[in-house]
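Read the structure below first, then the notes.
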Number of protein chains: 2
Amino acid sequence: MIVQRQNGVALWRQIADRIRSSIASGDYDADGRVPPELALAAQFGVNRHTVRSALAALAEEGIVRAEQGRGTMIERKQRINFPISRRTRFTEGIGDQAREKEGLLLATVEEEASTEIARRLAIDAGTMVVRLETLRTADRRPVSRATSWFPSDRFGGIAKAYRETGSITEAFRDLGLKDYVRAVTEVTALHAEVEDRADLKLSPGAIVLVTRALNCDLEGRPVQFSVSRFPADMVQFTIEN
Amino acid sequence: MIVQRQNGVALWRQIADRIRSSIASGDYDADGRVPPELALAAQFGVNRHTVRSALAALAEEGIVRAEQGRGTMIERKQRINFPISRRTRFTEGIGDQAREKEGLLLATVEEEASTEIARRLAIDAGTMVVRLETLRTADRRPVSRATSWFPSDRFGGIAKAYRETGSITEAFRDLGLKDYVRAVTEVTALHAEVEDRADLKLSPGAIVLVTRALNCDLEGRPVQFSVSRFPADMVQFTIEN
DNA sequence: TCTAGTTGTCTATATAAATAGACATTCCAT
DNA sequence: ATGGAATGTCTATTTATATAGACAACTAGA
């Protein structure tokens, strides 16, 4: 048995998730299309209409496109590998896995550090920090939605610098920080929330990988703490020691 | 708006996931119980019966226990932190986060290496390898379900050694491998499949974190490749560089 | 041109999820 | 003891999900 009933997740969604996963794994690379609806219905032990609901959801996401009389073609098939190391940098990490990379600054505010942010940045709670809300895309598809905090005293101009350069590394350099390293990365996974769905253009019920990362300068002083969300069907992390 | 309708994921499951997450985050630590059903219903904008379905699912998982007249008490609230580094070892990693740790050998077979396993272990496809199916628990709750492969020529006796010691590190030592290091760890996340649900005692629709890890000896020769699945609501990873 | 194989659309029915309301039961502070 | 606040149980209704069957529309190869 491959799909589960009466568990709070509709069959069509379970099937959509599995097909999406199969596409990402390259299971259908041989002919570049998904198996016929009747074959999928047999495979999952459900009615053809249920499979059609699943394929409609994937078409909505832009992953497949049905062509009457021919079959259902795979439009997009990617799982970007994202290395995590002491020298983790977003743009370099993506490397040549995508032709077109973009960093977009959604919003920026200066605020008082909450107790958690203060602890992570090793500053006193209430100290001013700059918060950046950023969205990153590869080949026009969103691959991460990040919230980052920087100590205001050192990096008050980070928003302007990031807007001009589109890169944290470049922005740091403009502000006189020549180099930095990744100190800690925490990884967990959650169901996508409504905001994730909007930002990352996810289907409801999808999974997001969540990282909490701390970057420090070469003296070990924290320079950036960020919480990032990645669509789990498009991204995997690799930790090389 | 906090919950989404008509998206293939039942409201009660979305709400159960959010409450589980809130419990893990410590949102309800003040009084050790979940808010009253009517308050949750108001918060999520749903009927009280829908909230009751969510709480029933969490009770089934052993996370909460309802007491008539009193409220719904939090029974379990943990997210075990699992460090990933060059010296990653399961038992040491758990450390004192759990009182009672256990490693159980579910099954073992000797088989020919598939192309993927051969590539990971840097051997020829078809070479014999030992496969171990293991389950790890912390305080009686399953925290990982792993499938590991070892080259038969060097580690033919790994199953026996593991059964006797309950530890990979110990088993390696018995077979003459004094030390080893983690070379690569890949992390991704998926919806739990039926097998995960059985092994890890997960609720349907739950998320599993999947790691693919390669351990090598000090000369850099691969000694173990393993695929592990962790319940995402109980586990997080920390990568310290 | 014909036909097998595929997706598209329609109707109908059964089951699960969600809402709504009423009232019982239990705990606990007053 | 009493009343407020909480969970437990029941009935009824509406909406979403899933199944079933039939047939139309389109594609590609024989």
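Lettering of chains follows the sequences in order, A, B, ..., and the numbering in each one begins at 1.
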Separation of atom [atom1] in [X] from atom [atom2] in [N], rounded to whole Å:
X: A:L11; N: D:dA20; atom1: CG; atom2: P; value: 12 Å
X: B:D31; N: C:dC27; atom1: CG; atom2: C1'; value: 16 Å
X: A:M73; N: C:dT6; atom1: CE; atom2: P; value: 11 Å
X: A:W12; N: C:dA16; atom1: CH2; atom2: C1'; value: 15 Å
X: B:E67; N: C:dT26; atom1: CD; atom2: P; value: 14 Å
X: B:I15; N: C:dA18; atom1: CD1; atom2: C1'; value: 10 Å
X: A:E37; N: D:dG21; atom1: CD; atom2: P; value: 17 Å
X: A:R33; N: C:dG5; atom1: CZ; atom2: P; value: 14 Å

Residue whose nearest DNA chain D nucleotide is more 5′ - B:P35 or B:H49: B:P35

For B:D31, does the CG atom have more than 12 heavy-atom neighbours from other residues, nucleotides or ligands under 6.0 Å away?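 Atom CG in B:D31 is crowded, with more than 12 foreign heavy atoms closer than 6.0 Å.
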
Looking at the base of D:dG21, is there any donor atom on it, or on the side chain of A:R48, that sits under 3.5 Å from an acceptor on the other one? no

B:Q68 (side chain) and D:dA6 (base): donor-acceptor pair under 3.5 Å: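 Under the 3.5 Å cut-off, the side chain and the base do not form any donor-acceptor pair.
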
B:F230 ring center near B:F237 ring center (under 6.0 Å):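 Aromatic pair counts; centres sit under 6.0 Å.
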
[N] OP1/OP2 closer than 4.0 Å to side-chain N/O of [X]:
X: B:R52; N: D:dG8; value: yes
X: A:R70; N: D:dC26; value: no
X: A:T50; N: D:dT19; value: yes

A:S22 side chain vs A:R18 backbone, donor-acceptor pair below 3.5 Å: yes

What nucleotide, of D:dT17, C:dT7, C:dA18, holds the atom closest to the side chain of A:A66?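 It is C:dT7.
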
Check each of A:R20, A:R65, A:R33 against A:E75 using the salt bridge (Lys or Arg N to Asp or Glu O under 4.0 Å) test, and report the only one that passes.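 With A:E75 as partner, salt bridge (Lys or Arg N to Asp or Glu O under 4.0 Å) holds for just one option, A:R65.
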
Got a salt bridge between A:E110 and A:R131, using NZ or NE/NH1/NH2 to carboxylate O under 4.0 Å? no

With a non-hydrogen cut-off below 4.0 angstrom, is B:T72 in contact with a base, only sugar-phosphate, or nothing? sugar-phosphate

